[in-house]
Engineer: 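First, the structure itself, so that you have it in front of you.
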Amino acid sequence: MNISEARNLLKSKSISPVELVEECEKNWKNQEHDLNAVITPMFERAKEIAKKTVFDESKPLSCIPYAVKDNICIKGEKLTCGSRILGEYRSLFESTATWRLANAGAIAVCKTNMDEFAMGSSGEYSAFGPTHNPLDKELVPGGSSSGSSAAVAAGYSIFSLGSDTGGSVRQPAAFCGLSAIRPTYGTVSRYGLVAFTSSIDQIGPMAKNSFDSLTVLKAMRGLDEKDSTSVAWSPVELPEKPVIGIPKELLELDIDPEIMAMLQECKKRLEGIGARFIEVSIPNLKHSVATYQLITPSECSANLSRFDGVRYGLQVEDPELGNQYKKTRSDGFGAEVKRRILIGTYALSEGFYDAYYLQACKMRAKIAAELYSALSKVDVILTPTAPTTAFEIGSIQDPLKMHACDLLTIPQGLAGIPAVTFPFGKDSKGRPIGMQLSGPAFSDDSLAMLAGKIEEAR
Amino acid sequence: MSVEKKDLKRIFELSKLDHTKSDGLEKDIERLVESFSQIRNIDLKDCEPMVLPKWCILRYRKDEPLDGVKKSDALSQAPKTDGTFYIVPKIISGEP
């Protein structure tokens, strides 16, 4: 069920707000044993809210159940970030995104599983165990917003929120056959989103189609005093028949040939609705992963220093404070988080800062400039969302190989520009393929409308 | 380029992570640092580093209190508290 179908049922009173939540709860009860998509169910709370709520047509998300990635704060609810280190912590804050969605009528039904602190691309790096893909339980649902994609695909909710740094809403959406938007940096407040990489993180919607994702995005974005990097929405409209570029460097990258073939199909579909194609170049695309793997650990090593076991969360006692910090953090964090904290600390430390962190910030500028330049020649850039479709759980053990999963979703995050993923066909094993449209800053709505048009033309 | 042992030990110390429980992380760190050589050796002298997209200008809000966190609520989350302060192991020893 998508948002407009749910609204029609609610409007005609074919279903009550409580029944809609119960429908989601039923799907959760029936499938959660196999999927492990939820860390904290909130269905009882949601039913209480739904009981007191009457469908209000003027609110775009009135009575619509949604799932929330567990690094986004809902006041009074447990918050884990997929980690042991937060222990039994209950959030003292309400994120601006969930606060705005509540004002738009949406009802949160669960907090979802995720790669610990949003570091991962498969949903396997959670302290609460891996999430499974509802389309095939042997496969990963993608990550890091693994539970949020699985929740929508399995019908636990009608849409969900994830957070996207290197592709964490787009890649799992692609793996589960969903649509998702990474918004222009700054347009959705990060207040109440637990920081991973503050200069890149954005909360993004995941849904059954791009029109739904856009409805959610519109309800939650806007200037927020509580986030100093927040910016006012100032739309850039793209032409109805856009000029689209495909980066020639895609041919140099390790992308599944079936996905590259589907890219050509997608190009034809876009030409069918009036788009014109030219070649663009992003020469440093191949350095995106290394750049990202220096910048994000550097920022996260600072952001995660707050987890010390003194003020909240897990504490492993020791008579000496320094040892207590170490024991707490060593027991509380998983391997991938430790890897990134260590790399970030290394890149920022005396003697290495210029060679690593500063160099990565310069390369970030170069990649961003190449994207902005390409987008001055074309309206939109088309690429696949991920180099592979969903893979088997446990099949990628090498952290460097896991990092490469984000090859096509990292550049937009580095540059801060919006990108939309939408399902486009399947591979020979029947696994969904996602295609991605990226555009200039503030073109989010046009991109989502264009993706929606392609979805409708199916 | 491999990472020297003393540097590895130092980053564990700075990260407040237990070096004795490194569980193969040292090897991963070496491989990751090795993978960064691809950008380390590119001449970017004339390039200005980017830390935020250009349309984001960090601004200050008005210096007025917002609905903050109550002290009792904050302390209620602490592993150890006496109701007024967080309690940590003794960090100053000896006579004043």
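Every heavy atom of this structure was used, including side-chain atoms; hydrogens, water molecules and symmetry mates were not. Quick note on labels: first sequence line is chain A, next is B, and so on, each numbered from 1.
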Engineer: Under the side-chain contact (heavy atoms from CB on, under 4.5 Å) criterion, do B:Ser35 and A:Gln293 qualify, and how do the steps go?
Structural biologist: CA-CA 10 Å; B:Ser35 75; A:Gln293 287 302 338; over 6 Å; no

Engineer: Against chain B, work out which of A:Ile417, A:Val231, A:Asn323, A:Leu294 has the most heavy-atom pairs shorter than 4.5 Å and name it.
Structural biologist: A:Leu294

Engineer: So what's closer than 4.5 Å to chain A heavy atoms on B:Ile57: side chain, backbone, both or neither?
Structural biologist: backbone

Engineer: Identify which part of A:Asp354 has an atom lying under 4.5 Å from any heavy atom of chain B, answering side chain, backbone, both or neither.
Structural biologist: neither

Engineer: Let's go through A:Tyr185 and B:Cys56 carefully: what are the C-alpha distance in whole Å and the side-chain angles of both, what is the deciding distance for side-chain contact (heavy atoms from CB on, under 4.5 Å) to 0.1 Å, and is it a yes or a no?
Structural biologist: CA-CA 8 Å; A:Tyr185 181 82; B:Cys56 284; 3.3 Å; yes

Engineer: Would you please test A:Lys362 and B:Glu48 for side-chain contact (heavy atoms from CB on, under 4.5 Å) and show each step?
Structural biologist: CA-CA 6 Å; A:Lys362 288 179 175 180; B:Glu48 279 295 313; over 6 Å; no

Engineer: A:Asp331 versus chain B, heavy atoms under 4.5 Å apart: side chain, backbone, both or neither?
Structural biologist: side chain

Engineer: Which one, B:Arg61, B:Arg59, B:Lys70, B:Lys80, leads in non-hydrogen pairs under 4.5 Å with chain A?
Structural biologist: B:Arg59

Engineer: Measuring heavy-atom distances to chain B, does A:Ala368 have an atom under 4.5 Å in its side chain, in its backbone, in both, or in neither?
Structural biologist: side chain

Engineer: At a 4.5 Å cut-off on heavy atoms, which part of A:Ser305 comes close to chain B: side chain, backbone, both, or neither?
Structural biologist: neither

Engineer: Before accepting this row, confirm whether a basic side-chain N of the pair B:Asp18/A:Arg329 lies closer than 4.0 Å to the acidic partner's carboxylate O.
Structural biologist: no

Engineer: Return the CD to OH distance between B:Glu30 and A:Tyr346, rounded to the nearest 0.5 Å.
Structural biologist: 9.0 Å

Engineer: Report which part of A:Glu350 has an atom under 4.5 Å of a heavy atom belonging to chain B: side chain, backbone, both, or neither.
Structural biologist: both

Engineer: Looking at every heavy atom in both B:Pro89 and A:Pro319, which two are closest together, and how far apart are they?
Structural biologist: CB-O, 3.2 Å

Engineer: What is the minimum heavy-atom distance between B:Val51 and A:Ser199, and which atoms define it?
Structural biologist: O-CB, 3.1 Å

Engineer: Taking all atoms of both residues into account, what is the closest heavy-atom pair of B:Ile11 and A:Leu342, and its distance?
Structural biologist: CD1-O, 3.6 Å

Engineer: Could you tell me whether B:Glu13 and A:Lys326 have a side-chain N and a carboxylate O separated by less than 4.0 Å?
Structural biologist: yes

Engineer: How many angstroms lie between atom CG of B:Leu17 and atom CZ of A:Arg339, to the nearest 0.5 angstrom?
Structural biologist: 12.5 Å

Engineer: When you measure from the centre of the six-membered ring of A:Phe307, is the NZ or CZ of B:Lys16 closer than 6.0 Å and no more than 45° off the axis?
Structural biologist: no

Engineer: Counting only heavy atoms closer than 4.5 Å, note whether A:Pro399 contacts chain B via side chain, backbone, both or neither.
Structural biologist: side chain

Engineer: Counting only non-hydrogen atoms closer than 4.5 Å, does A:Ile295 touch chain B with its backbone (N, CA, C, O), its side chain (CB onward), both, or neither?
Structural biologist: neither

Engineer: Could I get the full list of salt bridge (charged side-chain N to carboxylate O under 4.0 Å, His left out) partners for B:Glu4, not counting sequence neighbours?
Structural biologist: B:Lys6

Engineer: Could you tell me whether B:Lys62 and A:Glu225 have a side-chain N and a carboxylate O separated by less than 4.0 Å?
Structural biologist: no

Engineer: Between A:Asp308, A:Val310, A:Ile341, which has the largest tally of heavy atom pairs under 4.5 Å with chain B?
Structural biologist: A:Val310

Engineer: Determine whether B:Phe12 and A:Thr345 satisfy the following criterion, side-chain contact (heavy atoms from CB on, under 4.5 Å), listing intermediate values before the conclusion.
Structural biologist: CA-CA 8 Å; B:Phe12 270 89; A:Thr345 305; over 6 Å; no

Engineer: Does any backbone or side-chain atom of A:Thr229 lie under 4.5 Å from a heavy atom of chain B? Answer side chain, backbone, both or neither.
Structural biologist: both

Engineer: Between atom CZ of B:Arg31 and atom CG of A:Asp398, what is the distance when rounded to the nearest 0.5 Å?
Structural biologist: 4.0 Å

Engineer: Quick check on A:Lys286 against chain B: is it the side chain, the backbone, both or neither that has a heavy atom closer than 4.5 Å?
Structural biologist: backbone

Engineer: Going through the distances and angles, do B:Lys90 and A:Glu320 end up as a salt bridge (charged side-chain N to carboxylate O under 4.0 Å, His left out)?
Structural biologist: CA-CA 7 Å; B:Lys90 194 173 178 182; A:Glu320 202 275 311; over 6 Å; no

